Amino acid sequence: MNSVKARFLAAPAAVVLSAVALSACGDAVPGNAVAKVGDSSITKTDFNHWMEVAAISSQGASNPQQATSGKKPDVSIPEPPDFKACIAKKAKDAPKPAKGQPKPTDAQFKTQCKQEYEGLRDQVLQFLISANWIQGEAADRDVKVTDAEVKKQFETTKKQSFPKDADFQNFLKSSGMTMDDLLFRVKLDTLSNKLREKVTKGKDKVTDKEIADYYAKNKSRFAQPERRDLRIVLTKTKAKADEARAAIASGQSFKAVAKKYSIDQASKDQGGVLLAVAKGQQEKALDEAVFKAKKGELVGPVKTQFGYYVFKVQKITKASQQTLTQAKETIKQLLASQNQQKALDSFVKDFREKWKKETECRDGFVTQDCNNAPKPKTDTTTAAPGTPQTAPTPAE
């Protein structure tokens with residue numbers, strides 16, 4: 001899919017938030033629906049419409065020009081449970097196997113069709129279920145968005161992605177979506193952002209004591225070690241290094257000597273310049289020599305595993321330590337961000353648990369967002385101690 005159009009096609013970030021484990025009140029799913037979230041139903045009509053949109057989007061990912069063609073492409077969505085039409089199409093379109101290679105079987109084509117269908121189905125159900133969760137949570141928290149707000153945000157996004165209206169009209173015709181679909185996505189995105197703002201409001205407050213404590217525990221983070229700017233030449237042999245040193249001592253520039261003798265392409269391209277070298281960054285022998293050298297002193301050859309160095313220290317920047325006052329604003333922003341993220345993580349956890357219990361899915365449409373989904377298999381992989389477990393968050 002054309003990345004420039006992605007913000008109209010991709011599900012709102014907060015919508016993705018809801019794509020993990022949730023659903024179900026236990027009431028039966030209505031006959032005309034594929035899933036039920038609380039008192040709201042996801043109808044088969046809506047599901048089929050968004051399946052077509054997803055199929056067009058998937059096809060557009062492999063053919064970016066399609067999104068600007070101005071024509072709605074013909075897409076065929078695999079139909080369970082037998083996938084006959086899909087199997088027949090794949091058999092017809094399959095290239096002739098190479099000599100000696102077996103012809104793909106209908107069973108193999110069916111597996112492909114099933115995977116394609118389930119991929120589209122899960123993508124669409126994730127979006128539609130999540131949309132219900134977000135709207136339900138917004139209602140519970142009295143978070144509202146007006147038609148005027150949605151229209152304004154839509155126009156802003158439209159101008160950013162489509163400077164020319166003709167390009168937008170072509171996109172609309174080829175995407176399979178209607179204006180109502182686009183406005184619906186923008187509404188969800190706006191609700192998601194407002195929910196995030198409400199959840200994190202006031203969580204950015206940080207006390208002077210918290211800032212001072214963080215500074216005391218992480219003082220080294222606000223320090224800069226001594227750094228030295230060098231002019232260097234690296235040669236393969238000591239003889240060449242001696243020649244290079246003699247040339248520099250006779251008045252030739254490091255740039256000219258580096259160009260003629262150096263085998264270190266990176267510094268050679270910079271005229272022999274190597275800036276802001278801190279202790280411990282270079283090979284041990286060179287490191288020790290650099291930090292023993294006086295400013296302006298021509299040193300070398302220094303033997304290392306890479307060859308022989310001749311260098312001069314051009315500038316020395318002394319080590320420095322930011323004071324608490326100097327670091328205060330940086331620490332404040334960091335702690336405020338951490339506090340907001342904690343609040344958001346807590347909200348996401350409760351949000352998922354709450355709305356999964358409210359979501360029931362019909363057989364054949366059960367995903368991990370459904371309360372009646374089978375329990376996921378236990379992951380036997382052991383994470384390294386302290387490995388952070390991240391989760392999607394509203395409007396991230």
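Values in this document were obtained by computation on a predicted structure and should not be read as measured data.
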Asp140, CG: over 12 other non-hydrogen atoms inside 6.0 angstrom: yes
Lys279, NZ atom: more than 12 neighbouring heavy atoms under 6.0 Å: yes
Within 6.0 Å of NZ in Lys194, more than 12 heavy atoms from elsewhere: yes
Side chain to side chain, Gln153 and Thr157, heavy atoms closer than 4.5 Å: yes
Under 3.5 Å donor-acceptor, Gln326 side chain and Thr323 backbone: yes
Cationic N near anionic O, under 4.0 Å, Asp208 to Lys328: yes
Donor-acceptor contact below 3.5 Å, side chain Glu288 vs main chain Ala285: no
Trp50 and Phe184 aromatic ring geometry - parallel, tilted or perpendicular at 30°/60° bounds: tilted
Cluster link Val34 to Val366, ILVMFWY, side chain under 4.5 Å: no
Side chain Asp264, main chain Val233, donor-acceptor under 3.5 Å: no
salt_bridge(Lys159, Glu155) N-O dist < 4.0 Å: no
Member of Arg221, Lys332, Lys209 meeting the side-chain hydrogen bond (donor to acceptor under 3.5 Å, both in side chains) criterion with Tyr214: Arg221
Pro78 versus Phe83, closest heavy-atom pair with distance: CB-CD2, 3.7 Å
Pair Glu353 + Lys349: basic N to acidic O under 4.0 Å: yes
Polar side-chain atom of Asn32 near backbone of Thr43 as donor-acceptor pair, under 3.5 Å: no
NZ/NE/NH1/NH2 to OD/OE distance under 4.0 Å, Lys292 and Glu297: no
Note: Asp106-Lys110 ion pair, threshold 4.0 Å (strictly below): no
Side-chain (Arg245) to main-chain (Phe311) donor-acceptor, under 3.5 angstrom: no
More than 12 heavy atoms of other groups within 6.0 Å of Asp93 CG: yes
Test item: Asp142 side-chain N/O and Ala138 main-chain N/O as donor-acceptor pair under 3.5 Å: no
More than 12 heavy atoms from other groups under 6.0 Å of NZ on Lys303: no
Under 3.5 Å donor-acceptor, Gln340 side chain and Ser337 backbone: no
Flag, side chain of Thr235 to backbone of Thr237, donor-acceptor distance under 3.5 Å: yes
Side chain Gln333, main chain Thr330, donor-acceptor under 3.5 Å: no
Test applied, side-chain hydrogen bond (donor to acceptor under 3.5 Å, both in side chains); reference residue, Glu118; option that passes from Lys114, Arg121, Gln115: Lys114
Heavy-atom pair with the smallest gap, counting every atom of Asp165 and Lys158: OD1-NZ, 3.0 Å
Minimal non-hydrogen separation, Ala223 against Gln321, with atom names: CB-OE1, 3.1 Å
Heavy atoms from other residues, nucleotides or ligands near NZ of Lys198 exceed 12 (cutoff 6.0 Å): yes
Check: Lys44 main-chain N/O paired with Asn48 side-chain donor or acceptor under 3.5 Å: yes
